[in-house]
Amino acid sequence: MAWFMFILCVLFCSFHVLLANDLSKFINISWGDGRGQMVNNNELLTLILDRGSGSGFESKNEYLFAKVQMRIKLVSGNSAGTVTTFFLSSKGDYHDEIDFEFLGNTSGNPYIVHTNVFCEGIGNREMQFYLWFDPTADFHNYTIFWNHQHIVFYVDDIPIREFKNFQDKGVPFPQYQAMRLYSSLWDADNWATRGGLEKTDWSQAPFKAYYENYNEDGCFWYNGYSSCTPNSNSWLWGNFDYDYAMKGQMKWVQDNYMIYSYCQDSKKFPQGYPLECYLNTY
C-alpha cells in the first residue's frame, strides 16, 4: 500500500507539473484578432503588436488575495512607444488594480518598470525602476503578491516595492473586490517613452513579447465566495516585516535602481504627499 501511494503521488505530481506548463489551462487569449498565440504544446505564449492592433490575455480564475507570477521576455531592439503589461484588476469605474508596466525604449537604453496601485478607481501611486539585467535577452520571473496586509512586487524573487495596508489610518487599500490577471502588448507612444517624445518605429514591427510558466496561488473567487479562510494558505496571510534579508534586498533595489517615486514628487502633490508616504511604506 505504501508503494502504491508513493507511485500515485509521483504520477499526480508529474501530471500537475504538466498542467502548470500548459498555459491554456489557466489563460485565455482575450483580444488581438489572432496576434496572441500559444505554441510548443501551449507552453509558450506570444503577444504581438503591429500597426493594426496589439494583443492580450487574461486568467481564467479570479482571486481575492493571490500570488501570481510568470516568466516574461520583453520586446527586444527598438521598443520605444510599446508597453507590455502584467497586472491584476477588477471591473468597473471604481476598480482596483495592481500594475506592472514595462515601458519600451530606444535600442541600447534600459526598459523602465512602472508600478502602480489603484483603489476604487484612484491610482497616482507610481514607482519606477530600471532593471539590473537586460529583460529582452532571456525570461525573468515577475510576481505580484497581494494579501490583506500588503502588496509586494517581485522581480526574480527580489522584492522591489511594498504597499502596506494602512486602511485603519485612512489609506485606501484593495481588499474587497476580486481581481483577474491580465497582460497586454500595446502602442502607447503618446506617453510611454520619454513622455511621448520617442515614437513607435513601425519599421521594427511586429513587436513580440513572450510568456511562460504561469503560476497562481491564493484565494480563488467563485460566484461571490472565496476559497480561503484566514486559517488556510498560511503563507498568504503573512508579510515580511521581520524578514530582514528581504527588506535588505528591497532597500538595495530602491537605493540603486528606483528612478521615480510618487512619495518624492512635490510637483504632483504641492499640498503634501499622500498619507502612506509618511507611514514607512517602503
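Everything numeric here is computed off the predicted structure, so don't read it as measured data.
Scanning for salt bridge (Lys or Arg N to Asp or Glu O under 4.0 Å) contacts around Glu212 gives Arg71, with sequence neighbours left out.
A tilted orientation is assigned to the rings of Trp132 and Tyr257, their planes being inclined by 30° to 60°. Relative ring orientation between His150 and Phe145 is described as perpendicular, the plane-to-plane angle rising above 60° on a 0-90° scale split at 30° and 60°. Ring planes of Phe133 and His140: parallel class, angle under 30° (limits at 30 and 60°).
Side-chain contact annotation: His114 with Gln128, donor-acceptor N/O pair under 3.5 Å present. In this model, a donor atom of one side chain and an acceptor atom of the other lie less than 3.5 Å apart for Gln69 and Asn141. No hydrogens or angles considered: a donor-acceptor pair under 3.5 Å links the side chains of Gln175 and Asn165. Counting only N and O atoms by type, the side chains of Ser30 and Asn28 include no donor and acceptor under 3.5 Å apart.
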Side chain to side chain donor-acceptor pair (under 3.5 Å) evaluation trace for Asn78 with Ser107: CA-CA 4 Å; Asn78 184 355; Ser107 297; 5.0 Å; no
Check the pair Thr85, Ser184 against side chain to side chain donor-acceptor pair (under 3.5 Å), reporting the backbone distance first and the verdict last. CA-CA 5 Å; Thr85 67; Ser184 59; 2.6 Å; yes
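Between Glu62 and Lys91 no salt bridge is recorded (no basic side-chain N to carboxylate O distance below 4.0 Å). Salt bridge annotation for Lys169-Glu276: absent, with no cationic side-chain nitrogen under 4.0 angstrom from a carboxylate oxygen. Residues Lys67 and Glu216 are not paired through a salt bridge, judged by the lack of any N-O separation under 4.0 Å between the basic side chain and the carboxylate.
The two residues Tyr130 and Pro110 have their closest heavy-atom pair at CE2-CG, 3.5 Å.
Between Tyr142 and the choices Phe102, Tyr111, Tyr214, Phe87, the ring-ring contact (aromatic ring centres under 6.0 Å, His included) rule is met once, by Phe102.
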